[in-house]
Amino acid sequence: MTRDDAALDGLLRELARAPEGDDAFVRRVMDRAERRPRVRVFLAGAAASLILLAAGFLLEPPPTARIRVTPPACLRSETTSMRVVVPGRSAFDPVPVDALARVPAGVPLLLQAVGADGMALWTSPSTITLRPREIHGDGPAATPAERRMDYTRDVKPILDAHCAECHTEAELVAAAKPYQARRSPVVTQTHAPVSAAERGRLALWVDLGASTRP
Amino acid sequence: MTTPLQALHKTLEAKGFETLVREHHRRLLAYALAVVHQVDVAEDLVQDALLIAHRDLVKFDAARDFGAWVRGIVRMKYLEWTRSRRTERMPESQLEELDARHRDWDRAAEEGRGDVLAALRLCREELGGHVTETLDLFYSGQRSCADIAARLGVSEPVVRKRLQRARDVLSECLKKKLGAVHDA
């Protein structure tokens with residue numbers, strides 16, 4: 001078919017398709033064009049719902065479990081409070097001896113018996129990881145606040161200010177005696193005047209395992 | 001100074017999308033029917049193209065002709081359709097020629113020399129009896145040449161000759177009605 005023929009053929013087919021014009025076709029197009037925004041609104045609504053659902057899932061508080069915090073019998077008299085820690089990362093505020101504490105599930109935890117000086121008298125020999133909603137004991141549970149420990153932010157400035165003149169950072173970290181702040185030279189043998197707050201922070205860092213990881 | 005987008009918005013405010021569809025849909029369908037020969041497929045291609053145009057109106061360069069823009073979309077949809085159906089497509093050169101012919105007709109309309117479909121309708125009325133009957137059976141009746149031959153009691157080559165003659169006469173008639181542009 002020549003150029004004229006193909007184009008003319010299309011015109012003839014169109015005239016045959018709708019000899020008197022085709023209002024129905026225009027209406028179909030306009031119906032679909034006007035329906036589109038509604039479909040888009042529906043899709044936008046569905047997407048927003050999914051985002052909200054995902055946000056709800058993400059914002060949902062992490063699962064917790066409850067555990068009775070009891071010190072070893074031999075240390076009961078010296079223990080003033082109990083503490084739950086996430087090794088190398090954070091410590092929960094101390095709770096009374098034998099209290100039921102609400103702690104995060106699915107996270108390896110250590111229990112510590114804390115003395116009057118705020119340092120650990122004892123640290124459980126292995127970590128415990130609780131399942132969501134796992135409960136060890138009846139009664140109301142305390143919800144201790146979690147305090148994050150960051151070596152670079154919380155510890156290094158103290159070491160730099162008071163110890164770096166005589167000791168390297170590596171020496172100090174190696175001498176720290178993880179989980180034993182009461183016996184750690186970094187806490188107990190400071191020559192320089194370290195404030196009580198700074199000493200408490202160093203002690204907590206050691207009792208958390210003396211990690212230097214951020 | 002008016003930007004092309006502002007000009008388009010003014011055009012749309014003045015006419016509305018529906019008016020543009022009314023003005024251009026038949027030529028678009030004629031274009032689609034020239035490439036696919038199937039009414040339902042052609043209608044789908046043009047509908048889809050117009051919906052894309054409706055969605056992408058902001059991208060449209062108002063300096064261009066709306067019909068020509070949508071024709072480009074119809075062509076794109078046609079190529080997609082041939083790919084999805086793994087069907088043979090009209091050769092590129094023939095598509096170019098088809099586009100060129102439609103551009104000629106666009107120009108004729110712009111210059112006030114007439115609408116090609118209206119002109120063709122008038123030209124058809126000038127055809128002779130046998131030729132008109134054959135043309136009607138082929139296009140309106142959608143019958144094959146063999147069917148038409150059997151119905152009219154003539155051979156298939158005669159049917160083909162009549163159809164070709166009809167096209168030749170109509171083409172000449174359009175040239176006269178639309179003026180010099182048709183000879184370009």
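In what follows, chains carry the letters A, B, and so on, assigned in the order in which the sequence lines appear, proteins first and then strands, with residues in each chain numbered from 1.
Under a cut-off of 6.0 angstrom, the local environment of CZ in B:Arg151 is sparse, with at most 12 non-hydrogen atoms contributed by other residues, nucleotides or ligands. In this structure, A:Arg153 places its CZ atom where more than 12 heavy-atom neighbours from other residues, nucleotides or ligands lie under 6.0 Å away. Counting heavy-atom neighbours within 6.0 Å of A:Lys177 NZ, excluding the residue itself, gives a total of 12 or less. A 6.0 Å sphere centred on CZ of B:Arg165 holds no more than 12 heavy atoms belonging to other residues, nucleotides or ligands. Residue A:His136 places its NE2 atom among more than 12 non-hydrogen atoms of other residues, nucleotides or ligands, all under 6.0 Å distant. Heavy-atom contacts from other residues, nucleotides or ligands closer than 6.0 Å to CD of B:Glu126 number more than 12.
For chain A, the option among B:Gln164, B:Arg26, B:His25 with the highest count of heavy-atom pairs below 4.5 Å is B:Arg26. In terms of heavy-atom pairs under 4.5 Å with chain A, the best-connected choice from B:Val36, B:Leu170, B:Val35, B:Leu120 is B:Leu120.
Salt bridge B:Asp40/A:Arg17: absent, no basic N to carboxylate O contact under 4.0 Å. A salt bridge is absent between A:Glu14 and B:Arg27: the closest approach of a Lys/Arg side-chain nitrogen to an acidic carboxylate oxygen does not fall below 4.0 angstrom.
Residues A:Phe25 and B:Arg22 form no side-chain contact, since every pair of their non-hydrogen atoms from C-beta on lies 4.5 Å or further apart. Residues B:Asp48 and A:Arg32 have side chains in contact (heavy-atom distance under 4.5 Å, counting atoms from C-beta outward). A heavy-atom distance below 4.5 Å is not found between the side chains of B:Phe138 and A:Leu12. Considering only heavy atoms from C-beta on, A:Leu8 comes within 4.5 Å of B:Leu174 through its side chain. Looking at heavy atoms from C-beta onward, B:Gln142 lies out of side-chain contact with A:Arg13 at the 4.5 angstrom threshold. Residues B:Glu18 and A:Val29 are not in side-chain contact: their nearest non-hydrogen atoms beyond the backbone lie 4.5 Å or more apart.
If you take CG on A:Asp5 and CG on B:Leu163, they are separated by 10.5 Å, rounding to the nearest 0.5 Å.
Contacts of B:Arg124 with chain A are made by side-chain atoms alone, with heavy-atom separations under 4.5 Å and no backbone atom involved. The contact between B:Leu135 and chain A is made entirely by side chain atoms (from C-beta outward), counting heavy-atom distances below 4.5 Å.
Summarising the geometry of B:Ala34 relative to A:Ala6, their closest heavy-atom pair is CB-O, 3.3 Å, with the distance given to 0.1 Å. When all heavy atoms are compared, the tightest approach of A:Ala7 to B:Trp105 is CB-CH2, 3.4 Å. Of all heavy-atom pairs spanning A:Ala33 and B:His54, the tightest one is O-CE1, 3.6 Å.
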